[in-house]
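For reference, the structure discussed in these notes is given below.
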Number of protein chains: 2
Amino acid sequence: MENEHKKGNGMTKTRIGILGYGNLGRGVELACRQNDDMELVALFTRRDPATVKMLTQGVPVYAAADLPAHANDVDVLVLCGGSANDLPKQTPAVAGLFNVVDSFDTHANIPEHFAAVDEAARAGGKVAIISAGWDPGMFSIARLYANCILPDGKDYTFWGRGVSQGHSDAIRRIPGVVDARQYTVPVPASLQAVRNGENPDLSTRQKHTRECYVVAEEGADKTAITQAIVTMPNYFADYDTTVEFISQEELNRDHAGIPHGGSVIRTGVTGDNGESQHTIEYSLKLDSNPEFTGGVLCACARAAHRLSAEGQIGCRTLFDIAPSYLSAKSSDQLRASML
Amino acid sequence: MENEHKKGNGMTKTRIGILGYGNLGRGVELACRQNDDMELVALFTRRDPATVKMLTQGVPVYAAADLPAHANDVDVLVLCGGSANDLPKQTPAVAGLFNVVDSFDTHANIPEHFAAVDEAARAGGKVAIISAGWDPGMFSIARLYANCILPDGKDYTFWGRGVSQGHSDAIRRIPGVVDARQYTVPVPASLQAVRNGENPDLSTRQKHTRECYVVAEEGADKTAITQAIVTMPNYFADYDTTVEFISQEELNRDHAGIPHGGSVIRTGVTGDNGESQHTIEYSLKLDSNPEFTGGVLCACARAAHRLSAEGQIGCRTLFDIAPSYLSAKSSDQLRASML
């Protein structure tokens, strides 16, 4: 097969560039260290490069505006901006210059983002992989495989327990709030009912609860803040939401991490009359959402480099990539050791 | 991408042939009914075709010896024989005539089987997919993805609770045994320790126990049978094995099903000093092992047909196949609905 002869026969390290150095950028930086066939060669930032202190010594930091000048120095550029404001513009803008990978996660806008990135990548003869993370990403793959194998069934996705950055930000925008951390929590009884194969129909409220830890300004109206949170449309109104006020010290001490996770479950039936029941579950328990996502992005960068070396062009998602492309091992090694 | 334009644009149904009509053959037959784009067009058997009664009306039954005469009537032949004696010969023998899919599951012999099937398929210009089931198969994919994302970690596979056909057969070969059913059972404390991220080193005995339900001949020496079971090398000697004697009626009533399942777990670390811990778990709970495996084989038959229509040839495993190839939906539909 195509990748049979490309792997392991002297292909040099994949030279990785990172655009954007927030939590996710650091996650990719750390993931590069764990993969011997990856080398982080450049960081690009919209800040003043002189002000950026990286975890890794010796990696040059460039201004994002200088990206075009480095198109030949980087095999794959990993875009680490946000899905709301950065990636919809950034990924199409650079996909003609670099092989790129992003973690675009606004599910509803994926078809539009795919089309824009595909056009740019094809025009430049490059490979792009979008929406690579855990949801979209690993959870999506779990949904797809499960649907192919069990066509007659029902899908469930539970998120958490974990920190939702978007919901935390929404709380911070309320007047009188200094800082906040929001946890998305699956409802244990609903999760158990799904795992038991009971195929429940679950409302939004029955699937997840939301726990909010809020630091208020001195003298702020806590009742008003609580009311503003629990009635906030889309974010909280459809959920059972609890609000607890804590000090900044407590928030820093007890809520510094960015854990997340969840489960994708498909239950389905087979047999002459649907008499056999089956449950497929893929679950993640992650201490650090950005570091885990960094690992997915790195594996996809390897695949992008390999696809590009084969002469392929255009946009892909994890749906379009054979699993072996994500691995540093040869197909022979994989069959002998992991199949 | 390659499959972008192939899907959904008037491709006719995939015409499936089945070779071998045991539990697995029936599983594939039932899976075909659940997939609108599949049509079961022929069953091939080594028995006298006149003696085979299928669940589905109107499907012609042919002698296995007549396979070559039907090479043009079948898009994909699904081989439903056993891995010990049937598939090592059958799959290479027919892979030059048909696109084929099998569930060859003798892990240690996969490289050899792959090479033999690949040679035959290439010579005939056909596509073959081997070792498609749940282990090898879905469990293998789970191991591969998890290893790519978390390079610094540890793998665990637990099987069960479920029926091991091979172990049940081994018991039946003991003198004085009429019938038997063996369940492989994960040790709950070990499974929990792994899920907790404790990274235990587990011996064979610490991972699984074996429960045996045995029907003995009237007057048989039950102590001798028990001793023969629990001391049997490879099969039972390395496990804590329990043996319970029951009547044939009880066996038929309480142990008629062929359930199975298990979990693939990878725990790993990320971070500047490995300070973040992650757990990835893929688990299956299956009422019917052969019916679930039939679902995997059917999805792979779809992929084989599509790959062949693209002009690809040679042997593949699930490692080499982009997930979207297993689905009846177009790439556009998948991105919009499942990513």
Side-chain angles (χ1 to χ4, degrees), chain A residues 1 3 27 30-31 34-35 55 107 110-111 114 131 136 138 140-145 147-152 197 270-272 276-288 291-292 294-296 299 312 314 316-324 326-327 331-332 334-336 338-339, chain B residues 1 3 27 30-31 34-35 55 107 110-111 114 131 136 138 140-145 147-152 270-272 275-288 291-292 294-296 299 312 314 316-324 326-327 331-332 334-336 338-339:
Chain A
M1 67 228 61
N3 60 333
L30 292 167
Q34 292 188 304
N35 289 284
L55 297 171
H107 290 260
I110 285 173
F114 183 93
S131 301
M138 303 317 298
S140 319
I141 295 173
R143 281 188 282 267
L144 175 51
Y145 279 119
N147 273 267
C148 297
I149 300 167
L150 283 181
D152 190 1
T270 61
D272 207 6
S276 307
Q277 178 136 357
H278 309 279
T279 304
I280 304 174
E281 175 165 355
Y282 180 80
S283 61
L284 296 173
K285 207 166 64 183
L286 313 177
D287 272 359
S288 167
E291 289 174 13
F292 185 84
V296 179
Q312 300 202 34
R316 302 284 189 282
T317 74
L318 279 160
F319 288 170
D320 312 305
I321 299 170
S324 65
L326 302 176
S327 172
S331 293
D332 279 344
L334 292 177
R335 279 192 294 273
M338 250 179 250
L339 198 65
Chain B
M1 68 228 58
N3 60 333
L30 292 168
Q34 292 188 305
N35 289 284
L55 298 170
H107 290 261
I110 286 173
F114 183 93
S131 301
M138 303 318 298
S140 319
I141 295 172
R143 282 188 281 267
L144 175 50
Y145 279 119
N147 273 268
C148 297
I149 300 167
L150 283 181
D152 191 0
T270 61
D272 207 5
E275 65 274 19
S276 307
Q277 178 135 358
H278 309 280
T279 304
I280 304 174
E281 176 167 355
Y282 179 80
S283 61
L284 297 173
K285 209 166 61 182
L286 313 176
D287 271 359
S288 167
E291 289 174 13
F292 184 84
V296 179
Q312 299 204 33
R316 301 284 188 282
T317 74
L318 279 160
F319 288 169
D320 312 304
I321 298 170
S324 65
L326 302 176
S327 172
S331 293
D332 279 345
L334 291 177
R335 280 193 294 274
M338 249 179 250
L339 199 65

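Side chains included, hydrogens not; waters and symmetry mates left out as well; all remaining heavy atoms used.
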Using only atom types and a distance under 3.5 Å, with no angle test, would you say the side chain of Arg143(A) pairs donor to acceptor with the backbone of Leu339(B)?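 Side chain of Arg143(A) to backbone of Leu339(B): a pair is present.
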Name the member of [options] that forms the most heavy-atom pairs with chain B at distances under 4.5 Å.
options                                    : answer
Asn35(A), Leu150(A), Leu318(A), Ile141(A)  : Ile141(A)
Ala336(A), Gly271(A), Ser131(A), Pro111(A) : Gly271(A)
Thr279(A), Leu30(A), Asn147(A)             : Thr279(A)

If you round to the nearest 0.5 Å, how far is [atom2] of [Y] from [atom1] of [X]?
X         : Y         : atom1 : atom2 : value
Tyr145(B) : Met138(A) : OH    : CE    : 6.0 Å
His278(B) : Leu286(A) : NE2   : CG    : 6.0 Å
Ser331(A) : Arg316(B) : OG    : CZ    : 9.5 Å
Lys285(B) : Ile280(A) : NZ    : CD1   : 12.5 Å
Ile149(B) : Ser327(A) : CD1   : OG    : 11.5 Å

Side-chain heavy atoms of Ser140(A) within contact of Met338(B), under 4.5 Å: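 No. Closest side-chain heavy atoms not under 4.5 Å.
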Mind checking whether Leu326(B) and Phe319(A) have side chains closer than 4.5 Å, heavy atoms only?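 No, side chains not in contact.
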Looking at chain A, which one of Ala31(B), Gly294(B), Pro136(B), Gly314(B) has the largest number of heavy-atom pairs inside 4.5 Å, strictly under?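 Top option by heavy-atom pairs under 4.5 Å: Pro136(B).
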Just so I understand: if I count every heavy-atom pair under 4.5 Å between each of Thr270(B), Ile110(B), Leu55(B) and chain A, which residue has the most?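 So the answer, after comparing Thr270(B), Ile110(B), Leu55(B), is Thr270(B).
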Hydrogens and angles aside, do Ser276(A) and Glu291(B) bring a side-chain donor and acceptor to less than 3.5 Å of each other?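 The criterion, which ignores hydrogens and geometry beyond distance, is satisfied for Glu291(B) and Ser276(A).
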Identify which part of Leu284(A) has an atom lying under 4.5 Å from any heavy atom of chain B, answering side chain, backbone, both or neither.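 Both backbone and side chain.
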Once salt bridge (Lys or Arg N to Asp or Glu O under 4.0 Å) is applied, do any residues pair with Asp152(B), and if so which ones, sequence neighbours excluded?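 None.
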Nearest heavy-atom pair of Leu144(A) and Ser324(B): which atoms, and what distance?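 Leu144(A) and Ser324(B) have their closest heavy atoms at CD2-N, 3.9 Å.
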